[in-house]
Amino acid sequence: MSYNFKEIEKKWQQKWEKEGTFNAKDDYTMKKWYGLIEFPYPSGQGLHVGHPRSYTALDIIARKKRLEGYNVLYPIGFDAFGLPAENYAIKNKIHPRIITKQNVDHFREQLKALGFSFDWSREINTTDPDYYKWSQWIFIQLFKHGLAYKATMPINYCTGCKVGLANEEVVNGVCERCGSPVVQKEKSQWMLKITEYAQRLIDDLDDIDFLEKIKLQQKNWIGRSEGAEVKFKLTGFDNEDLIVYTTRPDTLFGATYMVIAPEHPMIEKFENKITNLEEVKAYQNQAKLKSDFERAELSKDKTGVELKGITAINPLTGKEIPIWISDYVLITYGTGAIMAVPAHDDRDWEFAKKFNLPIIEVVSGGENVQEKPHTDVYSGKMVNSGFLNGLEVKDAIKTCIDYLEEKGIGKRKVNFKLRDWVFSRQRYWGEPIPMVYCEKCGWVPLDEKDLPLVLPEVKDFEPGENGESPLAKQTEWINTTCPHCGGSAKRETDTMPQWAGSSWYFLRYMDPHNNNALASKEALEYWSPVDWYNGGMEHTTLHLLYSRFWHKFLYDIGVVPTKEPYQKRTSHGMILGSNGEKMSKSRGNVVNPDDIVNEFGADTFRVYEMFIGPFDQAAPWSMDSIRGCYKFLERVWNLQELLVDGDSYSPEFEKMMHKAIKKVSSDIEEMKFNTSIATFMTMINEFYRLKRINKAEFKTFLELLNPFAPHITEELYELLNTGHTISDSTWPKYDEEKTIDNEIEIPVQFNGKVKATVKIPLDADESAVKETVHKEVAKLLEGKTIVKEIYVKNKIYNIVVK
RNA sequence: GCCGAUGUGGCGGAAUUGGCAGACGCACUAGACUCAAAAUCUAGCGGGAAACCAUGUGGGUUCGAGUCCCACCAUCGGUACCA
């Protein structure tokens with residue numbers, strides 16, 4: 001009988017679906033395990049071969065955990081709001097809901113064909129009003145706690161299409177669709193105060209098991225720095241200061257000029273004092289017209305104008321120094337103003353050279369600072385620095401800040417690179433923001449009992465003029481009454497970003513059909529936190545950080561029981577095209593999973609994706625290798641021809657069986673799936689070599705292989721007439737004693753080079769080993785002088801000879 | 001530029017974490033079966049006649065280095081003047 005994967009896979013998938021084999025149980029007395037993968041965006045292209053890499057990995061772990069007796073929650077859903085569906089809708093005049101449903105149906109079918117042990121009864125969809133009701137509810141809580149606010153922020157604005165664009169729609173500074181330049185346009189937007197959680201988002205990483213590189217990337221993104229805010233008095237005023245932020249207050253004596261961002265408010269405030277206002281305004285306009293991209297592009301050549309009519313006083317030297325405007329200073333970081341220390345900062349040095357500003361060395365140890373900036377200054381002695389002279393840098397920092405605080409001209413300050421989260425999108429296909437604007441009461445949230453605020457039906461998905469949301473055209477929907485005073489009011493027309501639905505979806509899985517809360521207290525208590533979350537590195541600084549932020553907020557208001565949403569986070573490598581490049585339509589190297597499943601079956605597909613290479617690293621696709629995996633499963637199938645009776649392991653295989661259980665068990669926990677599969681291959685090579693496998697060995701073998709290749713193993717398991725399926729079985733156990741070899745072979749080296757091997761009993765004492773070794777290599781030792789002998793127990797015997 | 005990975009046969013990759021480099025798979029070569037091919041099976045497969053030489057390059061530590069240290073080089077990913 002040949003291996004008919006089509007029939008087998010269909011049979012088991014239907015059985016699992018009918019019986020709900022993998023549904024999580026509502027028995028909260030059992031020990032639980034919650035495994036999570038990033039729910040997909042259901043794109044029109046269907047499943048990518050990259051998706052199953054992550055899904056198969058956690059599927060393997062989930063299946064093993066079930067056999068170990070855990071109540072496992074391994075859910076799936078769809079992150080279905082988003083740009084591609086909306087753009088498709090604009091182009092083809094089809095409602096995004098329709099196209100989204102088609103895509104979800106297609107994805108679901110593809111996922112089911114791969115035999116994942118998802119709990120389909122808990123499937124969620126972010127575009128479902130019963131789901132986004134709670135996204136809106138969370139937003140209202142954020143607003144009520146002062147964490148959501150309106151601010152004027154620039155958006156990417158396409159000068160051709162006259163619409164706002166998402167960052168991913170801006171390619172090299174031009175609009176992805178029409179190629180027109182993209183500029184920044186000011187717009188009032190909803191913002192979330194993630195910055196309020198910056199410190200906690202760093203600190204709490206200590207208590208969770210994330211890959212080190214993920215923690216590091218998050219920390220760098222949050223970008224904490226310690227320094228001081230320093231006041232510089234402005235000349236010509238009685239009591240006006242310019243405040244700067246610096247991490248290096250010790251270099252204050254070297255501050256020879258100041259620079260403010262073009263958007264800095266002092267320009268408008270002191271307009272009448274500025275004697276070259278026209279020049280200044282021209283520079284401001286020029287900066288405004290530049291996109292972020294252009295501002296970064298021109299990074300090498302610094303530009304700027306001096307602000308004439310106002311100067312500042314260096315508080316330590318008492319000297320009058322000029323103030324410049326330049327776009328290399330960002331209004332979004334620190335105070336939007338800096339003190340420039342050109343001797344010790346690359347950017348300041350470049351700027352000083354270009355505009356002929358004085359450069360004064362304050363930390364010794366570098367080359368001539370007139371020729372080259374000396375920026376590596378975390379150690380060294382202070383010079384030209386008054387009372388700081390002679391101090392080491394780190395002492396100077398402390399001494400100087402103490403002095404500034406004492407004199408009231410500065411104070412310690414911690415800053416973060418992290419910025420607040422722009423939460424508005426001028427788009428149709430997203431969750432409506434449940435806020436109304438009342439002339440009398442300002443911004444007022446909807447009453448919670450009126451949620452969900454359903455996305456209105458529209459026919460026209462084109463964005464509004466001037467970068468407005470398509471909803472801005474829905475006058476009937478917009479006009480409403482104020483929940484507070486009952487007067488007339490207008491709805492918010494922006495929608496939420498795609499990140500909203502994905503920031504809390506793992507909570508909904510715990511209790512997906514609850515109408516009274518995002519999930520019940522009991523479900524949250526039982527299932528929290530997610531035990532293991534696997535996903536892509538590309539989500540480290542956005543999705544992963546956003547959802548940690550929301551979770552912490554929900555914790556603060558008593559909704560969830562844990563500080564952190566995910567106990568453990570790992571990530572998978574990308575699957576590349578066979579040419580080693582990223583898979584993409586334009587490169588013509590895309591592999592469609594359906595084709596692979598048709599030709600080789602789901603089990604082969606799964607095994608191949610796990611065998612392809614180390615799980616956390618990128619790996620190129622190879623059609624030849626996949627055939628190798630198919631051949632492996634075919635050989636597994638044909639093992640039935642070698643099957644003999646036997647209810648315990650036979651002596652020839654006993655050691656191998658115990659070792660294999662140990663190896664596969666630990667490999668799965670460490671995500672070393674490729675070496676597990678190598679173990680399986682070695683095992684069947686042995687069975688074929690001795691042309692025999694007994695029932696006990698076959699049973700264990702199938703149980704071990706089951707998480708990787710669930711269909712074929714269940715089918716073969718039926719031959720054993722155990723009266724149950726593998727899914728109802730338990731994970732095999734091994735006996736440590738039986739994994740140990742009593743006789744081992746160790747290498748004998750001369751000066752670290754292998755000359756021979758000897759067999760010795762395990763844990764033999766050194767003198768016995770020495771004797772065996774000397775007998776073995778006596779000839780080779782002739783004419784040589786032994787300097788030293790090293791024996792590492794059970795490992796190696798090295799003789800140093802001359 | 002900065003941050004993070006990675007570099008081992010013709011290819012994907014193993015290596016118990018400092019102890020026999022190349023497990024397992026692919027490709028390839030020869031043989032068996034076949035009228036023939038495919039499939040399957042069997043054997044071989046880093047280089048070198050050998051001593052030996054080989055884990056990106058050059059140094060170092062060690063009885064012993066793919067693994068640790070220093071300095072480079074290359075590729076990939078992230079990020080963009082963060083004071």
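Labels below follow one simple rule: chain letters A, B, ... track the order of the sequence lines, proteins then strands, and each chain is numbered from 1. Computed from a predicted model, the values in this text were never measured in an experiment.
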Between K631(A) and C26(B), does any side-chain N or O lie under 4.0 Å from OP1 or OP2?
yes
Whole angstrom value for the distance that separates P of A5(B) from CD of E538(A):
17 Å
Could you tell me how far C73(B) sits from A80(B) if I compare only their P atoms? Round to whole Å.
25 Å
Take R689(A) and E686(A) through the salt bridge (charged side-chain N to carboxylate O under 4.0 Å, His left out) test and state the conclusion after the steps.
CA-CA 5 Å; R689(A) 194 172 66 82; E686(A) 277 303 293; 3.0 Å; yes
A39(B) phosphate, OP1 or OP2: any side-chain N/O from R627(A) under 4.0 angstrom?
no
Donor-acceptor pair under 3.5 Å: do we get one between K753(A)'s side chain and the base of C52(B)?
no
Checking all strands, does K417(A) fall into the base, sugar-phosphate, or nothing category for heavy-atom contacts under 4.0 angstrom?
base
If the P atom of C24(B) is compared with that of A32(B), how far apart are they to the nearest Å?
26 Å
Contact class for F680(A) vs. all strands (heavy atom < 4.0 Å): base, sugar-phosphate, or nothing?
nothing
Do D616(A) and H572(A) have side-chain N/O donor and acceptor atoms under 3.5 Å apart?
no
Taking NZ from K755(A) and P from G64(B), how many angstroms apart are they, rounded to a whole number?
14 Å
Please tell me which of the listed nucleotides, G4(B), G25(B), C20(B), lies nearest to the side chain of K213(A)?
G4(B)
Using purine N1 to pyrimidine N3 plus N6-O4 or O6-N4 for Watson-Crick, or N1-O2 and O6-N3 for G-U wobble, both under 3.5 Å, which nucleotide pairs with C72(B)?
G56(B)
D624(A) has its side chain closest, among G19(B), C26(B), C81(B), to C26(B)
Categorize I799(A) for me: base, sugar-phosphate, or nothing, with a 4.0 angstrom heavy-atom threshold over every strand shown.
nothing
Test side chain to side chain contact (heavy atoms under 4.5 Å, CB included), reference V773(A), set I760(A), V748(A), L781(A), output is V748(A)
What's S622(A) touching, base or sugar-phosphate or nothing? Going by heavy atoms closer than 4.0 Å.
nothing
Does N751(A) make a side-chain N or O approach to OP1 or OP2 of G64(B) shorter than 4.0 Å?
no
Among C82(B), U6(B), C24(B), the nucleotide that comes nearest once only the side chain of R419(A) is considered:
C82(B)
Mate of C26(B) across any strand shown (Watson-Crick or G-U wobble, both atom pairs under 3.5 Å) is G10(B)
Taking syn as any angle within 90 degrees of 0 and anti as the rest, which one fits G78(B)?
anti
Kindly say whether R347(A) contributes a backbone atom to a donor-acceptor pair with the side chain of D345(A) at under 3.5 angstrom?
yes
Any donor-acceptor pair under 3.5 Å joining the side chain of N798(A) to the base of C63(B)?
yes
Are OP1 or OP2 of A83(B) and a side-chain N or O of S225(A) less than 4.0 angstrom apart?
yes
Whole angstrom value for the distance that separates P of C41(B) from CD of E641(A):
12 Å
NA contact type, N685(A), heavy-atom cut-off 4.0 Å: base, sugar-phosphate, or nothing?
sugar-phosphate
Is the backbone of F253(A) close enough, under 3.5 Å, to the side chain of N314(A) for a donor and an acceptor to pair up by distance?
no
Establish, for the pair K302(A) and Y328(A), whether the NZ or CZ atom is under 6.0 angstrom from the six-membered ring centre and no further than 45 degrees off its axis.
yes
Return the nearest nucleotide to the side chain of A678(A); candidates are G13(B), C24(B), C63(B).
C24(B)
Across the strands shown, which category fits L216(A) at heavy-atom distances under 4.0 angstrom: base, sugar-phosphate, nothing?
sugar-phosphate
Atom-to-atom span, CE of M537(A) to P of U6(B) - whole angstrom:
12 Å
Heavy atoms under 4.0 Å, any strand shown: does N674(A) hit a base, just sugar-phosphate, or nothing?
sugar-phosphate
Hunt down the Watson-Crick or G-U wobble partner of G66(B), both distances under 3.5 Å, from any strand shown, or write none.
none
What is the distance, to the nearest angstrom, from the CG atom on N220(A) to the C1' atom on G77(B)?
15 Å
At under 4.0 Å between heavy atoms, what does K793(A) touch on the DNA or RNA strands: base, sugar-phosphate, or nothing?
nothing
Applying a 3.5 Å limit to both distances, which nucleotide forms a Watson-Crick or G-U wobble pair with C45(B)?
none
Per atom distances to the Y245(A) side chain, the nearest of A83(B), A14(B), G19(B) is A83(B)
When the aromatic ring centroids of Y608(A) and W621(A) are compared, is their separation below 6.0 Å?
yes
Which part of the nucleic acid, if any, lies within reach of G334(A) when heavy atoms closer than 4.0 Å are counted: base, sugar-phosphate only, or nothing?
nothing
What distance, rounded to whole Å, do you find between the two C1' atoms, one in C45(B) and one in G31(B)?
15 Å
Whole-Å distance, I214(A) CD1 to G78(B) C1', equals 13 Å
Re G77(B): Watson-Crick or G-U wobble partner, both distances kept under 3.5 Å, found to be C3(B)
Tell me the interatomic distance from M681(A), atom CE, to G13(B), atom C1', rounded to whole angstroms.
12 Å
Counting side-chain heavy atoms from CB outward, which of G19(B), G25(B), A83(B) is closest to V792(A)?
G19(B)
Examine the side chains of E38(A) and H539(A) and answer whether a donor and an acceptor come within less than 3.5 Å of each other.
yes
Using whole Å, what does the distance between atom C1' of nucleotide C41(B) and atom CD1 of I684(A) come to?
14 Å
